[in-house]
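All remarks here apply to the structure that follows.
All values derive from a computational prediction rather than experimental measurement.
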Amino acid sequence: MNQTQYSIDGSWQVTTSSDDDYMGFVFGYQNPSNFYMFDWKQGTQGYVGTTAVEGMTLKVFQGATGDGLVDLSLDELWENQVNYGHMRWL
């Protein structure tokens with residue numbers, strides 16, 4: 001099935017001020033290392049040389065083998081300011 005128009009409806013709620021981890025969802029899933037991700041970060045936080053700033057981001061992951069354990073790293077999932085590894089920031 002080829003879809004050219006779609007919409008997503010829903011709501012999220014954050015009920016903590018102390019935990020600032022990500023929340024989001026994956027779409028356009030092809031395999032464990034090729035997909036799109038929309039995420040939201042409550043507060044800016046660094047991790048092993050990468051930085052996740054607060055706010056929303058849209059990312060595309062394009063791994064070579066299709067095996068997420070081989071192609072992707074936690075750093076690529078964490079970063080949300082610049083392209084990093086197999087992740088492009090949109």
(message) Please enumerate all residues that pass side-chain contact (heavy atoms from CB on, under 4.5 Å) together with V26, with sequence neighbours excluded.
(response) Y29, F35, M37
(request) Identify, with sequence neighbours excluded, every residue that meets side-chain contact (heavy atoms from CB on, under 4.5 Å) alongside Q45. (result) D20, D21, K41, W78
(request) Please identify each residue that fulfils salt bridge (charged side-chain N to carboxylate O under 4.0 Å, His left out) with D39, with sequence neighbours left out. (result) K59
(message) Would you say W89 ends up clustered with L58 if hydrophobic residues are merged whenever their side chains have heavy atoms under 4.5 Å apart, either directly or through other cluster members?
(response) no
(message) With a 4.5 Å cut-off on side-chain heavy atoms, are L77 and Y22 touching?
(response) no
(message) Going by side chain to side chain contact (heavy atoms under 4.5 Å, CB included), S33 matches just one of L69, V70, L72. Which one?
(response) L72
(request) Using the salt bridge (charged side-chain N to carboxylate O under 4.0 Å, His left out) rule, collect all pairs that involve residues 42-58, keeping only residues at least two apart or in two chains. (result) none
(request) For residues F38 and M56, determine if any side-chain heavy atom of one lies less than 4.5 Å from a side-chain heavy atom of the other. (result) yes
(request) Quick one: pull up OG1 in T57 and CE in M87 and give me the separation to the nearest 0.5 Å. (result) 7.5 Å
(request) Tell me, please, which residues at least two apart from Y36 pass side-chain contact (heavy atoms from CB on, under 4.5 Å). (result) F27, V60, L90
(request) Sorted by first residue and then second, give each salt bridge (charged side-chain N to carboxylate O under 4.0 Å, His left out) pair with at least one member in residues 60-83; sequence neighbours left out. (result) none
